[in-house]
Structure formats: structure tokens, C-alpha cells
Chemist: 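Provided herewith is a single structure, encoded as C-alpha cells, for subsequent inquiry.
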Amino acid sequence: MLSNTSNIALLVVVVAMSISMALIPLMIRLAPVLGMMDKPDPRKVHAVPIPRVGGVGIVLGALLPLAFWLPWNDLTLSYLMGSVVLLIFGIWDDIKQLGHYVKFVGQFIAVLMVVYHGDLYISYLPFMGKEPIDDAVGRIFTVIAMVGVINAINHSDGLDGLAGGESLLSLGGIAYLAGQADDTVVTMIALAAMGGVFGFLRFNSHPARVFMGDGGSQFLGFTLAFLVAYLAKVSNPALSPALPALLLGLPVVDILSVLVRRLRGGMNLFKATKNHVHHRLLELGFYHYESVMVIYSVQVALVVGGVLMPYESDALIIGFYVLVCSTLFVGLKLAEDRSWKAHQGKGETLLGRLVGGFNADSSLMAFNYGLMQMLLSVFLFAGAVLVVDVPGDVSLAAAVLFVALLLRLWLGHRVWFLFLRLILFVAVAFAAYLLEFYPPTGWDGFSPAYHWSLGILAVAVVLAVRFSDGEFFRATPLDYLLLLIVVIFALASEFGYADSSTITMILQLIVLFYGVEVTLKHMRSRKNTFTIAALVSLGVLVVRGLLFQ
């Protein structure tokens, strides 16, 4: 069995991402049949109907591994059941277009389960010193605050990749602080949600092939609200009561500003309008991807501030929050008052040229795809044959995947429910996990060649993404988000804020999963070098882990 909690948490995020990436393509095909299509209207920015089924992948991707690995008690069960309730109400809304009041019913059911059955509620508020507030007041405040966060994330879901990216950054900050407090529950839930979101963002970056819908955005808001409350109440009560403001970031102040503008205009508070930050950036002439990148950058500043100032005074934390947010809103107001427009009188910007795609040279790219298949195949063999040990958990999972992959290669689409993408992602993740945490004897001799191979694979992936034909692999705000994450991880490792082996593992997985995705897209036959290598490596893991222990 896996004994290291951090190793289990790493498996949770990998499995969650794999399930999410496998389910979403299936749900995209089912969306028209289910009636889960988001049709254009004057308030929205898309011009054609888009499936809004991504939330199913996010939620099931996160909850399935949690149901297996998360310690169960009244509180965690309340969270899991609340998540299921929100998914059901979210799917219902994505099909039937429920009113706000019906959605509030689902939100309150989920939150009340956590607060009253799970007994999770806030005891300390900013600027109120060390005296805890009355329990009844704390419960009511927590219910209102959690419902507010759910709606903040729900309403931030207005551009491709926006709500998912913002949530991902907040979850990362929460996971880091939970790791510092040795809290397994928060770490695993945050990482599982991150895995689900990563899988979704693969299909949601502009131009999106799928939206998360209310099923996904409400789950993310609920999860973030649950985690910050758990972090402050259970994991580490020494944290500043004002810290949730930074960890939740821009969506909270965005929805508050929208409500203020609606009140001033005498409008219905619950009627959707185009007053959010992303709408205002678009009105100023920013391109879609530029608007998302601006908001990502503000969210990074807030979350990183929270990670670096967890024990500072409430005044300092709220002051920093107000400074960052007011800089954004003052800038927007000044630009709007002066009728300033981005790109006015200019041609395509440097950023636009970098984001745009180019046509591929077929012979060069054919060689590149072949190289990627070979490197991935060698990597799979190394992860199965060279490592010093194969834990029983991994071997048992490999047995299930071996049978599934064998059937998929033999019967093809007749067993469509055995997702090839999911099987291959997990197989590659197992290889990376074993090479990192169970390295071969004399690894110092293998290590340079291994890292050079990963470097070559990374270059091949970049070339494939950069020069891919059509829109499927065009560079997007997701790539910018990944770049931000890589830089943050690198700095965290450099200054001793995070474990270097875990960071190395995460960076490897980013490269490997992109490599698998490119290889799958250009796979001419399901029986090829890469899929056969995956089948053999899974078989080796089964033999080594179950038969020779």
C-alpha cells in the first residue's frame, strides 16, 4: 500500500484529471441529446451553441478519487453529498434554465449540510480580535458567505477558461497552505478539484469546445468556500481571519461591484447584466484571450499575496486586497471615462502574433509526432522495468487498466465506454510517479539521459502545439496559465516553499500529458507503438507488483 500521504494526494490529482479529460469528450457528444447546449444571447460572447457539460467532468473527476481515498466522517460526507446536490441542480439548470430562486434551493441544501450536519462554521471575523463570535451567528454568517462564494464563481464564468483558471489558482494557494498545516483533507480535496479543472480547461480554452455550466461553476464555488472555512476553522486556526479574501481573490469583489452597480441603476439584483470585469475589458477593446490573461494576472497577485502573508494582521491583508482590486477597478473606470480603447489604430499586437497559429509542414511534423511516440514509449518501459519497486496499489490499478486497454485495442469502439485517453493518461502518470518516487538503482547514471529525453519531448510538444493545424492545439490562455504555474512552482522550490520532488513531478506531468494528447490526436491506428508500449508496461507493473511481492 502507498504509505506516503503526499504520494496519494498526487495520485488523486492525476486520476481526477484523467477522468475529467476522458468524460468531457463523451459528454460533448451527448449534450445535444440531453438538451445541455448554451445558446447565444445578447449578454453572452459566443456566437454558436456550445455544450455546457464540462461540469460533469469536473465534478465526477474530483469526487470519484475522493470517494476512494478521502477519510470519511460527518464533515467530508457532508461535502461529498453537497457536491452531488449541486451537480444535480446544476445539470437540471443547464437543461431547463431554472430561475435564481430554484438554484438557491440547491445551494442552501448543500451549504446547510456542511454547516449543520458537518458542523463547519466560522468562529472568527476580521478586525474582531481573538474573541470568537457566537456559534449561532457564526453558522448563519457561514451559510450566507458560502452561498455568496458559490454565486461569485458562478457569475465569473463568462469567458472561455476564466472561472476554471481563477478557481485553479485559488485551489493551488489553498492546497499549499493546507500542506504547510499537514492537513490531508483540504490538500486532497483541493488537488482533486484542481485535477478536474485541469482536465476541463483542455477543452475550454478559447475558442471553447465546451462550457462548465452551472454544474461545474457551483461545485467550484462550493468547494472553495468549504476549503477556506475548513482551513481557518480546523486546519490552522492561527491563520488571519482576513486571509479568505486573498485566497478567493477577484470573483468576490467582482460580484460585489456588479451588485453595487445594479443597485445604483435600480436594476433587479438577480438579473444578469454585462457589468462584470471581463465584460468591461471586452468593451474596452481587449481581445478575448487578453481579458482572461489580465484577470489571471490579478488573481495570481492576490493568491500569492495570501500564501506569503497567512499570519499578517487583518489590516495589512485587507489593505493589500483593496490596493490590488482598486488598481484594477480605478484603471477600468478611467479608461471608460476617457473612451480609451485597446488596439485603437493598431494592427495585430505582438501578443496576438504569439497566440495565433501557423500551418504545419507535414513532413517535419510527421517526424516530430513519430519522435514523440518513441519517447513516450521508452518512458513507459522505463517506468515499468527500471524502478526498484511497484506498490501494490499501483499494481492493482495497473491490472484493471491492462484489461481495459487490451479490450479497447481488441474490440475498438464496440467498447466505447473504455476510454482510451483515460487509460493512457493514467499509464503515463504511473510511470512518472514510479520513476520519481521509486527510482532505479544507480539512478544517478540514468538521470541525465532521462532528463534530456524529457527536455526533447518538451521541445517536440511545444513544436506540435505551436504548429498544429487548425484550432485544436493553438496556444491559448491555458498555456499562459500553465506558464504562470511553472514560474510559481520554480520560485517556490528555489526559495524553499515547496518540496522539489513534488514540483518536479507536476512539471513532468504537464509535459507528458500534452505529449499524450498530441499523440492521440495524430494517431492513425489504435494499435501503434505507443498503445502497445502502454499495454506491455501495464502488464509488467502487474507482474512485478502482484506476483513478485
Side-chain angles (χ1 to χ4, degrees), residues 20 24 36 38 43-46 50-59 61-62 83 86-87 89-91 93-94 103 107 146-174 190 193-228 247-258 272 274-282 288-289 291-300 302-303 476-478 480-482 484-485:
S20 178
I24 288 174
M36 298 176 68
D38 195 321
R43 193 184 65 86
K44 298 174 182 178
V45 298
H46 59 285
I50 302 290
R52 49 180 172 214
V53 293
V56 177
I58 295 173
V59 179
S83 298
L86 285 174
L87 176 62
F89 270 81
I91 292 174
D93 178 61
D94 290 330
K103 289 196 288 186
Q107 294 168 10
M146 289 186 71
V147 170
V149 174
I150 292 172
N151 284 281
I153 300 300
N154 181 236
H155 283 81
S156 71
D157 186 25
L159 295 181
D160 299 343
L162 183 55
E166 285 182 301
S167 299
L168 191 68
L169 293 167
S170 292
L171 290 165
I174 292 169
M194 290 176 71
V197 172
F198 258 128
F200 164 74
L201 286 176
R202 171 64 192 83
F203 305 95
N204 182 244
S205 289
H206 185 67
R209 299 169 59 198
V210 64
F211 294 156
M212 69 171 65
D214 277 12
S217 59
Q218 291 190 107
F219 165 76
L220 290 176
F222 176 65
T223 298
L224 287 169
F226 174 85
L227 291 177
V228 294
L247 295 178
L248 296 172
L250 188 58
V252 173
V253 73
D254 183 27
I255 195 171
L256 290 176
S257 71
V258 168
K274 301 183 74 170
N275 296 132
H276 290 278
V277 169
H278 55 270
H279 292 129
R280 297 171 69 181
L281 287 169
L282 290 175
H288 189 294
Y289 65 85
S291 301
V292 175
M293 290 177 180
V294 168
I295 294 173
Y296 280 173
S297 300
V298 175
Q299 185 77 348
V300 165
L302 293 171
V303 173
T476 66
L478 175 58
Y480 173 70
L481 181 62
L482 289 174
L484 286 175
I485 292 172

Chemist: Locate the shortest heavy-atom distance separating Pro251 from Ser156; write the atom from each residue and the value.
Modeler: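 Heavy-atom minimum between the residues: CB-CB, 4.4 Å.
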
Chemist: Rounded at 0.5 Å granularity, tell me how far CD in Glu166 sits from CG in Leu159.
Modeler: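 Rounded to the nearest 0.5 Å, the CD-CG separation comes to 9.5 Å.
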
Chemist: Measure the acute angle between the ring planes of His278 and His276, then classify it against the limits of 30° and 60° as parallel, tilted or perpendicular.
Modeler: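 Parallel, since the angle between the ring planes stays under 30°.
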
Chemist: If you measure from CD1 on Ile174 to CE on Met194, what distance do you get to the nearest 0.5 Å?
Modeler: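 Output value for this atom pair is 10.0 Å.
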
Chemist: Apply side chain to side chain contact (heavy atoms under 4.5 Å, CB included) to Met212 and Leu220, showing your working.
Modeler: CA-CA 10 Å; Met212 69 171 65; Leu220 290 176; 3.8 Å; yes

Chemist: With a 4.5 Å heavy-atom cut-off, do Val228 and Val149 have their side chains touching?
Modeler: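 Of all side-chain heavy-atom pairs linking Val149 with Val228, none is under 4.5 Å.
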
Chemist: Any idea which heavy atoms bring Tyr296 and Leu169 closest together, and the distance?
Modeler: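 For Tyr296 versus Leu169, the nearest heavy atoms are O-CD1, 3.8 Å.
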
Chemist: Hey, are the side chains of Val277 and Val258 touching, using non-hydrogen atoms and a 4.5 Å cut-off?
Modeler: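 Heavy-atom side-chain distance check fails, nothing below 4.5 Å.
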
Chemist: With sequence neighbours excluded, tell me which residues meet side-chain hydrogen bond (donor to acceptor under 3.5 Å, both in side chains) with Asn151.
Modeler: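 Counting only residues at least two positions away or on another chain, Asn151 forms a side-chain hydrogen bond (donor to acceptor under 3.5 Å, both in side chains) with Gln107.
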
Chemist: Does some side-chain heavy atom of Leu168 sit less than 4.5 Å from a side-chain heavy atom of Phe198?
Modeler: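 Counting from C-beta outward, Phe198 and Leu168 do come under 4.5 Å.
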
Chemist: Which heavy atom of Phe211 sits nearest a heavy atom of Phe200, and at what distance?
Modeler: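 Result for this residue pair: C-CE1, 3.7 Å.
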
Chemist: Do side-chain atoms of Arg52 reach the backbone of Met36 as a donor and acceptor pair under 3.5 angstrom?
Modeler: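 Such a contact is absent between Arg52 side chain and Met36 backbone.
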
Chemist: Quick check: do Leu171 and Leu227 have side-chain heavy atoms less than 4.5 Å from each other?
Modeler: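 Yes; the side chains approach each other to less than 4.5 Å.
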
Chemist: Please give me the minimum heavy-atom distance between Leu248 and Ser170, naming the atom from each residue.
Modeler: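 Heavy atoms only, the tightest pair is O-OG, 3.7 Å.
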
Chemist: Considering only heavy atoms from C-beta outward, does the side chain of Ser83 approach that of Phe222 to under 4.5 Å?
Modeler: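 They are in contact (side-chain heavy atoms under 4.5 Å apart), so the answer is yes.
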
Chemist: Step by step, work out the side chain to side chain contact (heavy atoms under 4.5 Å, CB included) result for Ile58 and Phe219.
Modeler: CA-CA 9 Å; Ile58 295 173; Phe219 165 76; 4.0 Å; yes

Chemist: Looking at every heavy atom in both Leu250 and Leu302, which two are closest together, and how far apart are they?
Modeler: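 Taking Leu250 first and Leu302 second, the nearest heavy atoms are N-CD1, 3.6 Å.
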
Chemist: Any chance you could measure Ser291, atom OG, to His279, atom NE2, to the nearest 0.5 Å?
Modeler: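 That separation rounds to 10.0 Å.
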
Chemist: Where is the tightest heavy-atom contact between Gln218 and Gly90, given as atom of each residue plus distance?
Modeler: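 That closest heavy-atom pairing would be NE2-CA, 3.9 Å.
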
Chemist: Please round to the nearest 0.5 Å and tell me the distance separating atom CG of Leu86 and atom CD1 of Ile150.
Modeler: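 These two atoms lie 5.0 Å from each other.
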
Chemist: Got a sec, which residues hit side-chain hydrogen bond (donor to acceptor under 3.5 Å, both in side chains) with Ser167, two or more places apart in sequence or on another chain?
Modeler: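 In terms of side-chain hydrogen bond (donor to acceptor under 3.5 Å, both in side chains), with neighbours along the sequence ignored, Ser167 is linked to no residue.
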
Chemist: So does Asp214 get a backbone contact from the side chain of Asp94, meaning a donor-acceptor N/O pair under 3.5 Å?
Modeler: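 At least one qualifying donor-acceptor pair exists.
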
Chemist: Are side-chain heavy atoms of Arg209 and Ile24 found at a separation under 4.5 Å?
Modeler: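 Heavy-atom side-chain distance check fails, nothing below 4.5 Å.
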
